[in-house]
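Okay, so here's the structure we're looking at.
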Amino acid sequence: MIEEIYNYRQLLKSNVSKEIRGKYKGSFLGVLWSFVNPLLMTLVYAIVFPFILKSTQPHYVTFLVIAILPWNWFTTVINQGTSCININGGIIKKVYFPREILPISIVTSGLINYLISCLIICLFLICSGLGFSINIIFLPIVIMVQYILLLGIIFITSAINVYIKDAEYIINFFVLMLFYGTPILYSPELFPENMRWLLNLNPMTTIINAYREIFYYKTNPNLKSLFVVFIFSSILLYFGIKIFKKLKKGFAEEL
Amino acid sequence: MKKHESNNAIVVKNVYKKFKLFYDKPNTLKERLVFWNKTKVNYHEVLKDINIEIKKGETVALIGVNGSGKSTLLKLMTKIIYPTTGEIKTYGKLTSLLELGAGFHPDFTGRENIYFNASIFGLSAREIDARVQDIIDFSELGEYIDTPVRTYSSGMYMRLAFSVAINVDAEILLIDEILAVGDQHFQDKCFQKLDELKKSDKTIVIVSHSLESIKKLCNRAIWIYEGEVRMDGKASKVIDEYLKVCG
């Protein structure tokens with residue numbers, strides 16, 4: 001499979017660039033929208049939440065941005081990725097190419113978006129006076145874990161969505177709920193102690209915490225729990241590839 | 001690749017293909033739960049026990065009336081769909097032209113779409129760079145190549161799509177009824193190109209209803225009738241027989 005995907009690397013490349021550039025083609029701000037969107041979201045939360053939560057988190061906006069941008073990567077990929085086979089039904093029925101390219105290019109374009117938006121994080125770190133620390137060297141590891149996790153999820157959901165179209169809506173709702181079950185707007189300490197295990201069941205909790213530890217608290221990320229999530233994501237990816245491989249044979253007929 | 005098979009391009013062995021026929025396809029979860037085991041599923045057998053061997057360098061036409069299973073067979077060879085039982089093996093790089101311009105993005109220019117379309121066929125950036133001028137020349141689009149594809153007329157669109165597909169340089173070319181591209185001049189050019197490919201030892205499989213052109217181009221024809229191979233042999237002979245029965 002890997003060899004075949006390598007042969008089709010140009011398709012992967014042009015798919016990724018189509019994903020990034022094509023989405024906003026024709027709009028005035030163009031690609032900038034993919035950064036303006038999460039920033040506006042941050043702005044809304046930064047205005048609303050301090051009122052409700054009486055949050056005493058210092059540098060709350062920076063605290064938010066660090067978590068919202070990777071979360072934005074997570075949700076966009078899951079929303080777009082789940083329907084990516086359905087949307088490309090036209091080509092799937094007409095041309096042969098390794099179908100794995102489609103989910104991979106969605107996750108990869110999300111990754112590139114996130115990498116670019118890291119510049120925004122840097123900007124906030126500088127402006128808030130928090131600055132940087134050597135712990136940034138752990139960033140690639142955290143990004144890699146999130147990439148594997150997303151790929152695993154998308155392989156499964158995109159293949160299932162071809163057969164059961166409800167999957168898309170169920171998953172979108174689930175992701176929306178998960179937003180509140182992930183320490184993005186709050187820090188995990190605000191969660192009641194006896195409920196915190198529930199929060200920790202969510203792999204995104206570990207990942208978001210790791211981003212915060214690197215950028216905001218300037219400490220080493222919790223490598224032990226990151227490793228657990230890495231193992232979980234790898235297993236998920238393994239089964240994801242298996243499921244996708246089995247289901248892809250029926251794509252052209254089901255669509 | 002095994003040695004004794006090395007002069008075969010496509011081997012179709014005992015292939016059966018059934019399609020599920022739903023009267024009401026349960027697409028959503030609700031329908032699936034409500035109509036659990038209640039939906040009538042009928043199977044329609046499109047292909048029955050097909051055995052074909054196509055040698056390297058052959059130019060083969062698949063003929064038959066509408067709904068006889070020619071296009072299904074072609075899709076099976078492309079690996080877009082998979083046989084219910086039996087197996088299909090292809091040897092060498094394969095390109096299929098089932099529909100022209102699949103995957104064109106209307107907002108991108110012709111040139112960008114060449115890159116995108118050719119990459120669907122599995123070409124790398126360097127390979128496309130080497131061909132891009134040939135493709136543009138063949139399509140005769142001239143300066144329009146740098147305008148968005150949505151501004152093209154349908155003829156221009158088809159010409160560009162055909163030019164990309166024909167210049168991919170695959171060893172096996174599968175073509176489904178797309179020879180009626182553009183005006184007479186461009187059609188002639190397409191045929192010339194196909195003839196050229198045929199002489200350069202490419203394997204070509206064509207599904208077509210334009211029997212006269214097939215007679216000229218192909219040296220072998222396979223007549224598919226109700227999902228079975230009715231006749232297989234020299235193109236002119238098979239076509240004459242076909243015309244006798246179906247004409």
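All chains are named by letter (A, B, ...) in the order of the sequence lines, taking the proteins before the strands, and each is independently numbered beginning at 1.
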Whether over 12 other heavy atoms sit under 6.0 Å from A:I2 CD1: no
Taking atom CE of A:M195 as the centre, report whether more than 12 heavy atoms of other residues, nucleotides or ligands fall under 6.0 Å from it. no
Taking every heavy atom of A:K93 against every heavy atom of B:K75, the minimum-distance pair comes out as O-CE, 4.0 Å
Could you note down all residue pairs passing salt bridge (charged side-chain N to carboxylate O under 4.0 Å, His left out) where residues 112-121 of chain B supplies at least one of them, sequence neighbours left out? A:R21-B:E112
Just so I know, are the side chains of B:I120 and A:I91 near enough to count as touching, which here means a heavy-atom distance under 4.5 Å? yes
Does anything in residues 95-102 of chain A get under 4.5 Å of chain B by heavy atoms, and if so which residues? A:V95, A:Y96, A:F97, A:R99
For B:Y115, I'd like to know if atom OH has over 12 heavy atoms of other residues, nucleotides or ligands within 6.0 Å. yes
Surrounding NZ of B:K18 (heavy atoms of other residues, nucleotides or ligands, distance under 6.0 Å), is the total greater than 12? no
A side-chain contact here means heavy atoms from C-beta on lying under 4.5 Å apart; do A:N15 and B:F116 qualify? yes
Roughly how far apart are A:E253 CD and B:I80 CD1, rounded to 0.5 Å? 11.0 Å
Beyond-backbone contact of A:Q10 with B:I128, side-chain heavy atoms, under 4.5 angstrom: yes
How close do B:F121 and A:Y8 get, heavy atom to heavy atom, and via which atoms? C-CE2, 3.9 Å
Within a reach of under 6.0 Å around OH of A:Y45, are more than 12 heavy atoms found that belong to other residues, nucleotides or ligands? yes
Pairwise side-chain contact, A:K18 with B:F108, heavy-atom cut-off 4.5 Å (strictly under): yes
Would you say A:K13 and B:S119 make side-chain contact, with heavy atoms under 4.5 Å? no
Around atom CZ of A:F179, are there more than 12 heavy atoms of other residues, nucleotides or ligands at under 6.0 Å? yes
